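Only one structure is covered here, and it is reproduced in the block below.
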Amino acid sequence: MSQVTVLGAWPSPYVYRVIWALKLKGVDYDYVEEDVLHNKSDRLLKYNPVHKKVPVLVHAGKPIAESAVILEYIEETWPQNPLLPKDPHQRALARFWIKFGEDKSAALFGFFMTEGEQQEKATKEGQEQLRILEEQGLGEKKFFGGDEIGMADLEFGWLAWWLDVMSEIAGVKVIDAESFPRLHAWIQRFKDIPAIKEPLPDRSAMLTYFKGRRATFLALAKS
Amino acid sequence: MAAQNKVILYGTWFSPYAKMVEVALKVKGIPYEYVEEDLGNKSPMLLKLNPIHKKVPVLVHNGKAIVESLVIIEYMDETWKTGPRLLPEDPYKRSQFRFWASYMHQVFEALTEVVTTSGEAQEKAVKETFEQLYLLEEGLKGLFPEGIVSSDGEFSNGKLLELVMFSCFGTYEEGLQEVLGIDVIDPEKTPLLFSCISALMEIPALKESCNPHENMVAFLKSYREDALKSATA
């Protein structure tokens, strides 16, 4: 039994940010799957009464919610293989991009929650944000974190595995090698890292799951 | 003043995010130059310093820009080691401070919904705001079982949550009461929050940072009118 427990849901990219951070730092943890759609456990509601969401990290019995907050805690508690640079200004830049990812969530995922004309508009909006991310966030760097991956790479990790599945289901090409060459190259590098690749969920299971989610979103939008 | 360690804060008087950073600079005793931005007519400098979001606050230190208010707070604690801490030392307490600071900003966003709506939409926004305030109250109770502001009126360890409370709720409370007729921070609904904010508003350094009441009222009135007008247009 580990001192660290992660409450998660296998399809959630937010959960993987936490799992990746723990694996990159070689921290042992127990994983508990939550049925967030249909049957949240009493434990989850007790540990995250405000948002009632995963991921939640529990360390020595103390819960922490919100993936960005959890990542900062992991970084401070297990400083090996640092995920933030030392320089305060560089750290501020990393945190800026993490906040950018959080704030632009709706714009980035919009293509998946819409159809027809709305989807065209939403896809363009998402691509505008990805353009900013590629040109100003990533630039010429190997990773968002520089030569090594960092917290900002984990924030955008969903682009490396979830985006492709969601694009396929939604029937739109959001990014490709021609339109976003740097992001595309980053995706290949990111996915190649063993600690990143190893826990990734099964693609066909994701297809099934996210097909159901899209159907739900579209039905909700109509009602 | 040498160019070394030169600090400039770009803000707007009614922005709680800018206010929080400004009061943090004061509390930490960091000398700074303040530049007031007109959000209806943003300066070329602001657009150059924060091209992606074009927002305040922006902190410029030694010529480098830092944006996003809570990111600025982290930068301040990491850069200036003298003066009171904004975040506590203990990693778990830090995580709780980060969580609740971000949540308080969320509650403030819910409050703006209350200001910019009327009728049923406003009722819904009010309900949501009070639900969130209740959760905030419960969370703060757990984090500070003995209350936040100590008896001598000085800040306790890790000033951030008090600064957020002051900037998001303290400076807005009276104006909101007058313009909306709503007691957002109600002593019966959220007693801990109420007593903390009341105590904070008495601290001289914070009191002098408050916006004049008439200005807040005028601002909220016109902000509300504009929003309601464009909603029906």
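Letters go in sequence order (proteins before strands), and every chain restarts at 1. Keep in mind the model is a prediction, meaning the values are calculated, not measured.
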For this session: List for me each residue that meets ring-ring contact (aromatic ring centres under 6.0 Å, His included) alongside A:Phe112, sequence neighbours excluded, and say none if there are none.
Result: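 By the ring-ring contact (aromatic ring centres under 6.0 Å, His included) rule, A:Phe112 matches no residue at all.
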For this session: Check side-chain hydrogen bond (donor to acceptor under 3.5 Å, both in side chains) between B:Thr171 and all other residues, then give those that pass, not counting sequence neighbours.
Result: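 Counting only residues at least two positions away or on another chain, B:Thr171 forms no side-chain hydrogen bond (donor to acceptor under 3.5 Å, both in side chains).
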For this session: Quick one: list whatever passes side-chain hydrogen bond (donor to acceptor under 3.5 Å, both in side chains) with B:Asp226, sequence neighbours left out.
Result: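 In terms of side-chain hydrogen bond (donor to acceptor under 3.5 Å, both in side chains), with neighbours along the sequence ignored, B:Asp226 is linked to no residue.
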For this session: Tell me, out of A:Ala68, A:Ala65, A:Pro63, who's got the most heavy-atom pairs with chain B below 4.5 Å.
Result: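 With the most close heavy-atom pairs to chain B, the winner is A:Pro63.
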For this session: For chain B, find which of A:Leu93, A:Ile64, A:Ile98, A:Ile70 contributes the most heavy-atom pairs closer than 4.5 angstrom.
Result: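 Top option by heavy-atom pairs under 4.5 Å: A:Ile64.
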Exercise. At a heavy-atom separation under 4.5 Å, does A:Ala60 approach chain B through its side chain, its backbone, both, or neither?
Worked result: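 Neither part.
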Using a plain distance cut of 3.5 Å, could you tabulate donor-acceptor pairs between chain B and chain A?
residue: B:Ala65; atom: O; partner: A:His89; partner atom: NE2; Å: 3.2
residue: B:Glu68; atom: OE1; partner: A:Lys99; partner atom: NZ; Å: 3.4
residue: B:Glu78; atom: OE1; partner: A:Arg91; partner atom: NE; Å: 3.2
residue: B:Glu78; atom: OE2; partner: A:Arg91; partner atom: NE; Å: 3.0
residue: B:Glu78; atom: OE2; partner: A:Arg91; partner atom: NH2; Å: 3.3
residue: B:Glu78; atom: OE2; partner: A:Arg95; partner atom: NH1; Å: 3.0
residue: B:Glu78; atom: OE2; partner: A:Arg95; partner atom: NH2; Å: 3.3
residue: B:Tyr92; atom: OH; partner: A:Pro63; partner atom: O; Å: 2.7
residue: B:Arg94; atom: NE; partner: A:Glu76; partner atom: OE1; Å: 3.1
residue: B:Arg94; atom: NE; partner: A:Glu76; partner atom: OE2; Å: 3.0
residue: B:Arg94; atom: NH2; partner: A:Glu76; partner atom: OE2; Å: 3.2
residue: B:Arg98; atom: NH1; partner: A:Glu76; partner atom: OE2; Å: 3.1
residue: B:Arg98; atom: NH2; partner: A:Glu76; partner atom: OE2; Å: 2.9

Problem set entry | Minimum-distance pair of heavy atoms, taken over all atoms of B:Val71 and A:Phe96 |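 Heavy-atom minimum between the residues: CG2-N, 4.3 Å.
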